[in-house]
There are 2 protein chains.
Amino acid sequence: MGKAMGLRERKKLEAWRSIRECALRLISERGFDAVSVEEIAEEANVSRTTFFNYFSCKEAVVFDPDPLETQFWQDLLASRPDDEPLWDALTGILLGYVTQFGDRLAIHKRLKTESPAVAASARGAGDHFQAELRAWVTARTPAGSELDAQLMLNTATAAIGTALTLWKPTEPFEDFLDLARTCLHKAGSGLAALPV
Amino acid sequence: MGKAMGLRERKKLEAWRSIRECALRLISERGFDAVSVEEIAEEANVSRTTFFNYFSCKEAVVFDPDPLETQFWQDLLASRPDDEPLWDALTGILLGYVTQFGDRLAIHKRLKTESPAVAASARGAGDHFQAELRAWVTARTPAGSELDAQLMLNTATAAIGTALTLWKPTEPFEDFLDLARTCLHKAGSGLAALPV
DNA sequence: CAGGGATCTTGGACCGAGTACAAGCTTTGG
DNA sequence: CCAAAGCTTGTACTCGGTCCAAGATCCCTG
């Protein structure tokens, strides 16, 4: 992919990244609420209307995934063998995800602790990966095992969330991964053996 | 309490409940987005400004707890003996909560599935109980056990969330409670024995 | 390479949520 | 009964978000 992109598509991607970049810069300088969409648009040499063509709301400019990111998820999900126990697959996927996008998660965490309002919409509008993961789980859940499957998914996610809140961005990133592994292992100790 | 309330306080409570009541009626008739704050205020014979004196945002009128509700939590939290294992306390508290406010949870669920935007702010601005529970947990967590404690809390919450998404409002409420018990038990099977 | 259709950008008008504030009204307590 | 404290209200404003029509840009086919 990425080869046969016409001028139009290239410009779109460029505009997307320019807006995102400007937005992150301004926001990390001044804070989310102190930067208006108008300013971001102006900084990116784009009209306010166009901003909303690219991002469905102000929060999205922080939390939407880069177009290439989604490719990474899909590979991550597709790479798990069909007969792997769900819990193992989930831990593998989530650890792979945080390994790749931990830096981004750290930014998100900072923003969330700064402003709870941002955090709110973050969970709702933001986490496309979580939505995709959820879909993936339900798709590979055999009838009758919905409860166990959903429970595993939610528990694993909760474990990652726990690791994220306990980790301090000043500590080395490896610590976060260790923490995540520990949380997943502990939380899953009663679940991992279930036949899903 | 409730006895020595002056005229002023009584009027405030009355206004609060009037606004809430009108809001819930209009919203359940027409949907969240189709009702403006102005309409709610008008319906409750109150100015728009006053609405925002009582509720910090539009979502709050749906998700804020009734002043009496908070009393119930506090009793619930205070009623657990200090030396009870954390997991047992958590399941007891959460089951007590959903038993009492299950109806409200069902309304919330309906609203959330209707409009994701509402769901977003619901999690952030809405769940005062969860915040209180979180504070209660951290307060009684001995130093060194933070990880296990947070993990239990998040896992237990995830279990309730799972039960809530799996339950259909058409089914009897007892089913929901059974489901919640099952989820808690399964999710906690590896955690319950930890010494916290 | 010309030109018509598809797509994207833009400005302007508009709506609703949320904030700030000054002015007026009601409760309270002395 | 009166003054201070507390609430309510209208007004005016900012900002996020939507809608739309007009213009610019790209793409594709003849």
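For clarity, every value in this text was computed on a predicted model and none was experimentally measured. Naming convention: chains lettered A, B, ... in sequence-line order (proteins, then strands); numbering from 1 in each chain.
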### Query
Rounded to whole angstroms, how far apart are CG on B:N53 and C1' on C:dG18?
12 Å
Between the protein and nucleotides 27-30 of chain D, list the N/O to N/O atom pairs that are separated by less than 3.5 angstrom.
from	atom 1	to	atom 2	distance (Å)
D:dC27	OP1	A:L7	N	2.8
D:dC27	OP1	A:R8	N	2.7

### Message
From the set D:dT9, C:dA17, D:dG16, return the single nucleotide nearest to any side-chain atom of B:S47.
### Response
D:dT9
### Query
Under 3.5 Å, side chain of A:T50 to main-chain N/O of A:N53, donor-acceptor pair present?
no
### Query
Between A:Y54 and C:dT9, is there a side-chain N or O to OP1/OP2 distance below 4.0 Å?
yes
### Message
Report for the helix from C:dC1-D:dG30 to C:dG30-D:dC1: angle between first-end and last-end helix axes, five pairs each, rounded to 10 degrees.
### Response
20°
### Query
Taking the side chain of A:S36 as its heavy atoms from C-beta onward, which of D:dC7, C:dA17, D:dG16 lies nearest to it?
D:dG16
### Task
Applying ring pair (Phe, Tyr, Trp, His ring centres under 6.0 Å), name anything that partners B:Y54, two or more places apart in sequence or on another chain.
none
### Query
Can you tell me how far P of D:dT18 sits from CZ of A:F51, to the nearest Å?
11 Å
### Query
Nearest-Å distance, CD1 (A:I27) to P (D:dC15)?
14 Å
### Task
Round to a whole Å and report the spacing from CD of B:E14 to C1' of D:dT8.
15 Å
### Task
Applying side chain to side chain donor-acceptor pair (under 3.5 Å), name anything that partners B:T141, two or more places apart in sequence or on another chain.
none
### Summary
For A:Q74, the side chain to side chain donor-acceptor pair (under 3.5 Å) test, sequence neighbours excluded, returns A:E132
### Query
Rounded to the nearest Å, what distance is computed from the NZ atom of residue B:K58 to the P atom of nucleotide C:dG16?
9 Å
### Task
May I have the distance from A:E39 (atom CD) to D:dC15 (atom C1'), rounded to whole angstrom?
11 Å
### A:E42: side chain to side chain donor-acceptor pair (under 3.5 Å) partners, not counting sequence neighbours
none
### Task
Please report, rounded to the nearest Å, how far the C1' atom of D:dT11 is from the CD atom of B:E38.
12 Å
### Summary
Between A:E43 and the options A:R25, A:R20, A:R30, the salt bridge (charged side-chain N to carboxylate O under 4.0 Å, His left out) test singles out A:R25
### Task
Could you tell me if the ring centre of A:F101 sits under 6.0 Å from that of A:F129?
no
Any N/O pairs under 3.5 Å between the protein and nucleotides 19-21 of chain C? List them or say none.
from	atom 1	to	atom 2	distance (Å)
C:dT19	O4	B:R48	NH2	3.4

### Task
Could you tell me whether the phosphate oxygens of D:dT9, OP1 or OP2, come under 4.0 Å of any side-chain nitrogen or oxygen in B:T50?
yes
Identify all side-chain donor-acceptor contacts of residues 166-180 of chain B below 3.5 Å with residues at least two apart in sequence or on another chain.
from	atom 1	to	atom 2	distance (Å)
B:W167	NE1	B:P172	O	3.4
B:D178	OD1	B:R181	NH2	3.2

### Task
Just jot down the salt bridge (charged side-chain N to carboxylate O under 4.0 Å, His left out) partners of A:R10, sequence neighbours excluded, or say none.
none
### Task
Among residues two or more places apart or on two chains, list those pairs meeting side chain to side chain donor-acceptor pair (under 3.5 Å) that have a residue in residues 77-101 of chain A.
A:R80-A:E84
### Query
Can you check whether A:K11 has a side-chain N or O nearer than 4.0 Å to OP1 or OP2 of D:dC26?
yes
### Query
Starting at CD1 of B:I19 and ending at C1' of D:dC7, how long is that distance when rounded to a whole Å?
12 Å
### Query
Taking the side chain of A:K12 as heavy atoms from C-beta outward, which of D:dT9, C:dC8, C:dA17 is closest to it?
C:dC8
### Message
For B:R48, give me all partners under side chain to side chain donor-acceptor pair (under 3.5 Å), at least two apart in sequence or on another chain.
### Response
none
### Message
Can you list everything that forms a salt bridge (charged side-chain N to carboxylate O under 4.0 Å, His left out) with B:D66? Sequence neighbours excluded, please.
### Response
B:R17
